[in-house]
There are 2 protein chains.
Amino acid sequence: MRNGLRNKGLRRYDSPMKHRPTVKDVAKAVGVHASTVSRALNPEKRGRLSDDLVARVLAAAETLGYRTNALAASLRTRRSMAVGVIIPDITNPVFPPILMGIEDALRAQGYISVVANTGNDSERARIAVEQLTARRLDGLILATALRRDPLVDLCLARGMPAVFVNRRDETRRIPSVVSDDEAGVQLAIEHLVALGHRRIAHIAGPSITSTGFARRRGFEFAMAEVDGAPRPPLVVEARTYGRDSGHQAFLELLALNPKVTAIVTSNDLLALGCCDAMREARLSCPADISITGYNDMPLLDIVTPPLTTVRIQHHEMGAEAARMLIDIIENRERRAAMDIVLKPDLVVRGSTAAPRATPAKLQLAEP
Amino acid sequence: MRNGLRNKGLRRYDSPMKHRPTVKDVAKAVGVHASTVSRALNPEKRGRLSDDLVARVLAAAETLGYRTNALAASLRTRRSMAVGVIIPDITNPVFPPILMGIEDALRAQGYISVVANTGNDSERARIAVEQLTARRLDGLILATALRRDPLVDLCLARGMPAVFVNRRDETRRIPSVVSDDEAGVQLAIEHLVALGHRRIAHIAGPSITSTGFARRRGFEFAMAEVDGAPRPPLVVEARTYGRDSGHQAFLELLALNPKVTAIVTSNDLLALGCCDAMREARLSCPADISITGYNDMPLLDIVTPPLTTVRIQHHEMGAEAARMLIDIIENRERRAAMDIVLKPDLVVRGSTAAPRATPAKLQLAEP
DNA sequence: CGGATCTGTGCAATCGTTTGCCCATAAGAG
DNA sequence: CTCTTATGGGCAAACGATTGCACAGATCCG
């Protein structure tokens with residue numbers, strides 16, 4: 001990918017693309033030097049110019065329809081006022097709200113975002129970082145972090161400011177904004193325990209992701225405190241964060257221990273996958289097994305059953321990450337070395353209830 | 001916004017940012033001129049150089065960790081190999097799959113995408129177009145089109161290649177890739193009619209959007225053919241494409257005519273909003289009223305009731321739009337003047353059933 | 001009235017790549 | 001042995017904006 005940007009030679013220089021007026025054209029129109037125009041156009045350097053001149057330049061720029069060429073400006077200033085956002089899968093409903101938060105915060109400071117979607121492919125993620133670096137963005141927000149993520153080294157090697165959002169790298173060399181996953185899982189468990197559950201299992205997200213790992217650890221820690229809980233704790237790891245992985249993990253879990261009365265999942269889609277599997281197995285949620293999700297993605301209130309889940313502050317998380325990155329970019333080191341951890345909430349809906357007095361007759365064969 | 005890109009002066013030129021090797025550094029290392037390096041790095045211009053030299057340049061570039069500065073290259077070539085995508089609301093589940101289609105097709109041709117989200121705000125959309133133009137992107141894909149959209153004039157004035165996806169401008173000055181909305185609505189109506197419905201109403205999307213308008217028109221045309229249908233056709237226009245707008249529109253519709261037995265909505269979220277309202281009103285869907293959505297967004301299969309809807313080819317639509325745009329950018333005018341219309345499908349689920357009062361058992365005349 | 005201090009602008013050098021044009025050297029032709 | 005004709009690469013001028021420095025004229029001070 002050293003040369004992703006070659007002119008394919010298909011458009012000639014004499015292309016019909018309109019000639020865009022440059023700072024020189026404006027200068028000519030006003031009868032001053034280009035540098036003067038540049039200064040007049042920049043509010044921060046305008047001070048030393050006469051008000052009259054500034055007004056004339058502005059007027060001329062307006063009538064000519066002048067727009068500054070961001071490419072040229074960035075090349076010269078080494079600042080693009082743009083940051084890249086790397087997302088594993090934009091179709092996962094967790095990310096759009098985070099993205100909105102990022103955009104809102106960036107816009108407030110005059111930055112724009114460039115979003116790259118990697119489809120959970122680490123090679124594509126690497127390429128995305130390379131491309132965004134090649135375009136000289138001012139920084140990167142990574143929502144893709146694995147627990148040990150090579151992107152960290154890449155960013156560090158390229159001297160590219162970066163922050164993690166939602167996930168983070170275990171080496172902690174890059175600041176992050178995350179939700180407190182251990183606390184979130186604990187909320188779910190406390191809720192289930194209060195309902196009377198003891199045989200609570202966990203369907204974990206991929207352990208290479210920081211969220212999957214942290215939530216699992218939170219589960220194991222919290223369950224260690226629960227009297228009468230299975231030892232060791234019951235955990236099945238899903239292959240991905242997708243609905244069908246949840247389906248599959250549910251079947252594995254039931255094969256492992258058919259007596260579970262509640263499942264804490266690492267993500268809403270996994271939870272929905274469990275519901276799919278239960279429906280197929282003619283089990284009822286929450287009558288037979290209670291299920292909790294994680295993230296509180298949209299529409300969870302009208303699926304069947306409405307899913308009890310842990311809500312995280314997506315928008316705020318994105319906004320905080322963006323603000324942090326800008327601080328780093330602009331050398332306000334105030335926040336450069338900090339991690340921000342937001343608190344999650346539990347949203348109780350219909351997928352959790354007290355366990356049956358006698359465990360349901362499960363139709364799945366025991367191994 | 002003439003100057004979104006000013007250096008805020010917060011990072012000095014002597015910043016600790018690593019010195020990135022340039023083509024000159026590579027040239028020095030190999031002992032040739034920078035122009036030679038440039039040629040060696042470009043497969044298409046490599047022909048006139050000796051194989052040996054090319055190999056040495058490549059090796060030197062590799063060891064120095066050279067990456068071409070896309071900014072500088074774009075400035076010189078006037079090509080950025082990047083296209084902008086303007087989306088009204090990324091949290092609307094319709095758009096991520098379209099975006100994926102766009103990205104996939106772009107990537108296949110070596111382009112990258114820059115996504116801007118406008119939050120349904122036409123002023124922000126304008127600013128986005130300005131910014132992307134300022135960054136000299138090669139083209140724009142617009143998913144925001146209103147029926148009479150000022151962005152069209154803006155793109156045309158700036159000489160910026162553009163295509164519409166999912167929506168389109170009525171003036172038809174910009175090519176588009178859309179789904180056949182009239183056909184889609186007709187599918188829904190035929191299905192309902194086959195079930196025995198006659199008093200079918202429509203909850204339309206905002207009439208300023210091309211989709212809202214086209215689906216409404218499709219509804220009116222198709223209903224004109226239905227014997228025993230209300231005259232004039234029953235239509236309520238929702239304020240936005242959001243769930244609560246659907247809720248509200250449903251109440252208006254019922255106030256207007258309490259006897260409807262089926263509702264064709266312009267969008268899944270509107271349909272879900274209707275379901276919300278029905279639940280509150282202790283009405284049952286589909287027993288009391290059948291409802292169809294539009295778009296087949298994710299999770300519709302597990303909401304209650306599972307929604308009958310019109311599926312459109314999101315991914316393909318995005319991909320086709322991207323391919324079309326690239327054709328235009330690269331002056332292959334083959335497709336420049338065409339519109340592409342994809343065919344929708346009906347997905348029958350649980351939200352539609354025979355009307356309650358129907359005396360005879362109606363056989364499902366459905367494929 | 002000479003010199004010091006401002007003010008307002010122009011000059012020219014960057015930023016890093018690309019490419020039209022020209023010029024060596026070598027090879028082949030006559 | 002001289003004259004073309006390829007080859008292989010160097011030169012320098014773009015692309016468009018920014019900015020340190022210089023400098024002319026105006027203002028001010030003693």
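Here is the naming used below: chain letters follow the sequence lines, and residue numbers restart at 1 for every chain. Just so it is clear, the values below take in all heavy atoms, side chains as well, and ignore hydrogens, waters and symmetry mates.
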Sub-3.5 Å pairs of nitrogen or oxygen atoms, protein against nucleotides 9-12 of chain C:
from: dG10(C); atom 1: OP1; to: His33(A); atom 2: N; distance (Å): 3.4
from: dG10(C); atom 1: OP2; to: His33(A); atom 2: N; distance (Å): 2.8
from: dG10(C); atom 1: OP2; to: Thr36(A); atom 2: OG1; distance (Å): 2.4
from: dG10(C); atom 1: N7; to: Arg39(A); atom 2: NH2; distance (Å): 3.2
from: dG10(C); atom 1: O6; to: Arg39(A); atom 2: NH2; distance (Å): 2.9
from: dC11(C); atom 1: N4; to: Ser35(A); atom 2: OG; distance (Å): 3.2

Original post:
Tell me: CG of Asp52(B) to C1' of dT7(D), nearest whole Å?
Top reply: 15 Å
Original post:
Is there side-chain contact between Arg135(B) and Ile112(A), with heavy atoms separated by less than 4.5 Å?
Top reply: yes
Original post:
Can you check the Leu71(A) CG to dT14(C) P distance for me, whole Å?
Top reply: 21 Å
Original post:
Starting at CZ of Arg78(B) and ending at C1' of dT17(C), how long is that distance when rounded to a whole Å?
Top reply: 14 Å
**OP:** Verify the neighbour count for atom CG of Asp52(A): are there more than 12 heavy atoms of other residues, nucleotides or ligands below 6.0 Å?
**Re:** yes
Original post:
Taking N and O atoms by type only, does the side chain of Arg76(B) place a donor or acceptor under 3.5 Å from a partner on the base of dT17(C)?
Top reply: no
Original post:
Tyr66(A) OH to dA17(D) C1': how many Å, rounded?
Top reply: 7 Å
Subject >> Integer-rounded Å distance: dG16(D) P and Arg136(B) CZ >> reply: 7 Å
**OP:** May I have the distance from Arg20(B) (atom CZ) to dG16(C) (atom C1'), rounded to whole angstrom?
**Re:** 12 Å
Original post:
Is any NZ, NE, NH1 or NH2 atom of the basic residue among Glu316(A) and Arg323(A) found under 4.0 Å from an Asp or Glu carboxylate oxygen of the other?
Top reply: yes
Original post:
If you draw a 6.0 Å radius around CZ in Arg148(A), do more than 12 non-hydrogen atoms from other residues or ligands fall strictly inside?
Top reply: no
**OP:** State plainly whether the residues Asp25(A) and Arg20(A) are in salt-bridge range, i.e. N to O under 4.0 Å.
**Re:** no
**OP:** Establish, from distance only, whether the side-chain atoms of Thr91(B) and Asp89(B) form a donor-acceptor pair under 3.5 Å.
**Re:** yes
Original post:
Taking C-beta and beyond as the side chain, do Leu146(A) and Ser210(A) meet within less than 4.5 Å on heavy atoms?
Top reply: no
Subject >> Among dC15(C), dC15(D), dT17(C), the one nearest Leu75(B) by side-chain distance >> reply: dC15(D)
Original post:
Tell me: CZ of Arg79(A) to C1' of dA17(D), nearest whole Å?
Top reply: 16 Å
**OP:** Would you mind reporting whether Arg124(B) and Arg107(A) have side-chain heavy atoms less than 4.5 Å apart?
**Re:** yes
**OP:** Compare side-chain N and O positions of Lys45(B) against OP1 and OP2 of dT18(C) and report whether any pair is under 4.0 Å apart.
**Re:** no
Please table the atom pairs, donor to acceptor, closer than 3.5 Å between any side-chain atom in residues 161-169 of chain B and protein atoms at least two apart or in another chain.
from: Asp169(B); atom 1: OD1; to: Thr171(B); atom 2: N; distance (Å): 2.6
from: Asp169(B); atom 1: OD1; to: Thr171(B); atom 2: OG1; distance (Å): 2.2
from: Asp169(B); atom 1: OD2; to: Asp149(B); atom 2: N; distance (Å): 2.9

**OP:** Using a cut-off of strictly less than 4.0 Å, decide whether Thr22(A) has a side-chain nitrogen or oxygen near OP1 or OP2 of dG16(D).
**Re:** no
Restricting to nitrogen or oxygen on both sides, can you table the protein-nucleotides 25-28 of chain C pairs closer than 3.5 Å?
none

Subject >> Spacing of Arg135(A) atom CZ relative to dC15(C) atom C1', expressed in whole Å >> reply: 17 Å
Original post:
Which of these nucleotides, dG16(C), dA17(D), dT18(C), is closest to any side-chain atom of Thr68(A)?
Top reply: dA17(D)
